[in-house]
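Encoded as structure tokens, the structure appears first; notes follow it.
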Amino acid sequence: MYLMILGAPGSGKGTQGKLVAEHLGIAEVSTGELLRAAVKQGTPLGREAKGYMDQGLLVPDPVVLALIREILDSPAGARGVLMDGFPRTVPQAEAVDRILAERKARMDLVLLLDVEEGELVKRLLARAAKEGRSDDNLESIQQRLKVYHSQTSPLVAYYEKQGVVRCIPGMGTVDEIQARVRKAVGGKA
Ligand code: B4P
């Protein structure tokens with residue numbers, strides 16, 4: 001089973017993705033987390049990604065595409081995966097579709113988390129105070145929101161054409177939202 005969790009920065013992708021992947025017994029993989037780990041370890045990938053991430057920009061597709069192929073080709077990825085934070089652009093989505101088609105699979109479900117913009121900024125600033133992530137400052141948050149609208153939100157129409165999008169109201173407590181997510185995946189589990 002291949003699922004994706006889609007939403008603006010701060011919409012709860014990581015939070016809800018981990019919980020629902022555990023519920024379904026599949027791996028949850030976040031390109032954001034993998035990129036942050038690469039930055040921390042100072043690998044060539046991390047050195048290339050850091051500047052883009054700190055500015056709130058997407059890491060260029062050619063760099064991320066190699067990472068996506070690695071994820072989907074891994075033993076866990078081959079069994080099914082919940083994709084958190086990727087694909088992030090239409091070229092990434094086309095690449096994911098191609099890789100899945102090679103193994104006669106497809107994107108089964110896209111969970112779209114819908115959260116008001118003021119709430120997104122509030123959550124990310126709260127995380128900044130707690131965790132000090134280098135891209136959780138007001139300037140970078142505003143840039144990430146702009147990038148979401150221009151480069152990532154076109155994925156909604158892309159996957160609507162495949163009939164796999166389920167919109168989840170993303171306001172409320174983590175448990176309330178998780179209940180909605182589980183209902184949406186219910187028929188697929
Ligand atoms: P990500 O790691 O994907 O970061 P994000 O969009 O900010 O979302 P995140 O998952 O961290 O936050 P969440 O909504 O769960 O990407 C970071 C950067 O990496 C990107 O800007 C880009 O540069 C790069 N990148 C990653 N993938 C890429 C790709 N495929 N292509 C190119 N570049 C890529 O949660 C936010 C906060 O809200 C948390 O603190 C959480 O505790 C809180 N929260 C969640 N649910 C809540 C609720 N119901 N109520 C209150 N708070 C809640």
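The analysis underlying the following values was restricted to heavy atoms, covering all of them including side chains, and did not include hydrogens, waters or symmetry mates. Each ligand, and each atom within it, is numbered from 1 in the order the structure gives.
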Test your reading of the structure: does Ile68 have an N or O sitting under 3.5 Å from an N or O of ligand 1? no
Is there any N or O on Thr173 that sits under 3.5 Å from an N or O of ligand 1? no
Here the atoms of ligand 1 under 4.0 Å from any heavy atom belonging to Gln92 are 29 (C), 30 (N), 31 (N), 32 (C)
Atoms in ligand 1 flagged as close to Val64, the criterion being non-hydrogen separation under 4.0 Å: 29 (C), 30 (N), 31 (N), 32 (C)
What protein heavy atom sits nearest atom 23 (O) of ligand 1, and how far off is it? Leu57 O, 2.7 Å
Per-pair distances, 0.1 Å, donor-acceptor, side chain in residues 3-12, under 3.5 Å, sequence neighbours excluded:
from  : atom 1 : to   : atom 2 : distance (Å)
Ser11 : OG     : Ala8 : N      : 3.4
Ser11 : OG     : Ala8 : O      : 2.6

Nearest-neighbour protein heavy atom for atom 25 (N) of ligand 1, which is reported as residue plus atom name and distance: Leu35 CD1, 3.5 Å
Heavy-atom closest contact (Met107 atom, Tyr159 atom, distance): CE-OH, 3.5 Å
So is Gly56 touching ligand 1 or not, going by heavy atoms under 4.0 Å? no
Numbered in order shown, the ligand 1 atoms found under 4.0 Å of a heavy atom of Ile177 are 49 (N)
Does any N/O atom on Thr31 come nearer than 3.5 Å to any N/O atom on ligand 1? yes
Could you tell me which atoms of ligand 1, counted from 1 in the order shown, lie closer than 4.0 angstrom to a heavy atom of Arg133? 2 (O), 4 (O), 7 (O), 11 (O), 17 (C)
Nearest candidate to atom 32 (C) of ligand 1, where distance is taken over non-hydrogen atoms, out of Asp61, Val59, Val39, Leu125: Val59
Can you check which of Arg88, Glu33, Met83 brings a heavy atom nearest to atom 3 (O) of ligand 1? Arg88
Measure from the side-chain N and O atoms of Arg88 to the backbone N and O of Gly85, and report whether any donor-acceptor pair falls under 3.5 Å. yes
State plainly whether the residues Glu119 and Lys122 are in salt-bridge range, i.e. N to O under 4.0 Å. yes
Per-atom contacts, ligand 1 versus Gly85 - under 4.0 Å to a heavy atom: 27 (N), 28 (C), 29 (C), 30 (N)
Report the member of Lys13, Arg36, Arg127, Lys122 with the shortest heavy-atom distance to atom 12 (O) of ligand 1. Arg127
Pairing of Asp73 and Arg103 as salt bridge, 4.0 angstrom limit: yes
Within less than 4.0 angstrom of ligand 1, does Gly172 place any heavy atom? yes
For ligand 1, find out whether one of its N or O atoms is nearer than 3.5 Å to an N or O atom of Ser11. yes
If you link I, L, V, M, F, W and Y whenever their side-chain heavy atoms are under 4.5 Å apart, who else ends up in the same group as Leu19? Val174
Hydrogens and angles aside, do Ser134 and Asp54 bring a side-chain donor and acceptor to less than 3.5 Å of each other? yes
Check each of Glu131, Arg144, Met53, Arg123 against atom 53 (C) of ligand 1 and report the one with the nearest heavy atom. Arg123
Residue-level breakdown please: for Lys50 versus ligand 1, do any non-hydrogen atoms fall below 4.0 Å on the side chain, on the backbone, on both, or on neither? neither
